[in-house]
Amino acid sequence: MIVIGVTADYGLGSRIAEHMGAKYCRFFSKVFPDGESYLRLDENVRGEDVLLVQSMAEQQDKRFTEMLMAIDAIAEAHANNIYGLIPYMAYARQDRRFLDGEPISARSVLGALHNAGMSKLAVIEPHKEEELSYFKGKSIAIDVMKKVVRGAVEKTGAETLVAPDSGVSGRVKGVAEELGVGWDYLEKKRDRNNGSLSIGKGLGDLSGKKILVVDDMISTGGTIVQASGEALSKGAVGINAAAVHLILADGAYGRIKNAGVGNIFGSNSTGSKGCEMIDVSEDVAAALSPFLVD
Ligand code: R5P
């Protein structure tokens, strides 16, 4: 097995290779003056099983295109099997048609990867595990939320986990029970047309509690800001936030900090700066090993 970083693996590929006892290398890459990507692999992969690692956390379209180009290069170099690990999969939230006329973007991305020649795909915390059925080869979702939350709870002493959305509440409840801390959730309502947020069910009393707001991902930060404001209004003291994927779109970091959040914890599925990154490579390697030999 050779683990190959495409253009954005944030150090995860080399750590995973170490845990799996596999070789690691990277594509040489550059960007042409017009913005197009160039890739080249200076490694003999003939007859080898190859695991391509590419996160799509920023410049999503570019990272996706580069993954397709990498599959093409590896196939051309006569590798045996081409597998993929996507630490953060872009377009996963559009996993169904919410309004008439929309595409199912997750299906477009996953279908293209398989059609290009990838036979197995692992995704760290896709938005919903079921959407991986759009990938027609074998696939797994790798769960690292517990690892991230455990690290954040150890560092902050949080006593209560808060799920900012009913969609993630079942998972947050499960992690809270395993870690022996309390939990609560609020119901977030998002206007499909203008994206604005409002609260359905609010939080219970949190007087004097240190809390950790836990989500699967942070994009604009709106969800975390809403939950933090609600927690403060219910008496919480010491608010920190954790999410598997820290996308932190423009201005999100400042918005979250201004809302009174101390630290932002996340996995190294992205390369977000100024946050507490928790290395999930050991868990990912442990999930990948049986999946790739199967
Ligand atoms: C939504 O379903 C997700 O679980 C996240 O809550 C959401 O994507 C976070 O987005 P934002 O940071 O833009 O509020």
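Counting starts at 1 for both ligands and their atoms, following the listed order. Just so it is clear, the values below take in all heavy atoms, side chains as well, and ignore hydrogens, waters and symmetry mates. FYI, the numbering just counts along the sequence from 1. Everything numeric in this text was worked out from a predicted model, so none of it was measured.
Lys201 NZ: more than 12 foreign heavy atoms inside a 6.0 Å radius.
Salt-bridge annotation for Asp283 and Lys146: absent, with no side-chain N of the basic residue lying under 4.0 Å from a carboxylate O of the acidic one. Salt bridge status for Glu43 with Lys23: present, with a side-chain N to carboxylate O gap under 4.0 Å. A salt bridge is defined here as a Lys NZ or Arg NE, NH1 or NH2 lying under 4.0 Å from an Asp or Glu carboxylate O, and Glu18 with Arg15 fails to meet this definition.
Panel note: side chain Ser196, backbone Asp191; no donor-acceptor pair is recorded below 3.5 Å.
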Which N/O atoms of ligand 1 sit under 3.5 Å from a protein N/O, and at what distances?
unit_1: ligand 1; atom_1: 4 (O); unit_2: Asp215; atom_2: OD1; d: 3.3
unit_1: ligand 1; atom_1: 4 (O); unit_2: Asp216; atom_2: OD1; d: 2.6
unit_1: ligand 1; atom_1: 6 (O); unit_2: Lys188; atom_2: NZ; d: 3.1
unit_1: ligand 1; atom_1: 6 (O); unit_2: Asp215; atom_2: OD2; d: 2.5
unit_1: ligand 1; atom_1: 8 (O); unit_2: Arg93; atom_2: NH1; d: 2.9
unit_1: ligand 1; atom_1: 12 (O); unit_2: Ser219; atom_2: N; d: 2.8
unit_1: ligand 1; atom_1: 12 (O); unit_2: Thr220; atom_2: N; d: 3.1
unit_1: ligand 1; atom_1: 12 (O); unit_2: Gly221; atom_2: N; d: 2.9
unit_1: ligand 1; atom_1: 13 (O); unit_2: Thr220; atom_2: N; d: 2.8
unit_1: ligand 1; atom_1: 13 (O); unit_2: Thr220; atom_2: OG1; d: 2.6
unit_1: ligand 1; atom_1: 14 (O); unit_2: Arg190; atom_2: NH2; d: 3.4
unit_1: ligand 1; atom_1: 14 (O); unit_2: Thr223; atom_2: N; d: 2.9
unit_1: ligand 1; atom_1: 14 (O); unit_2: Thr223; atom_2: OG1; d: 2.5

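Each of Arg96, Arg97, Gln94 was scored for a side chain to side chain donor-acceptor pair (under 3.5 Å) with Glu102, with one residue passing: Gln94.
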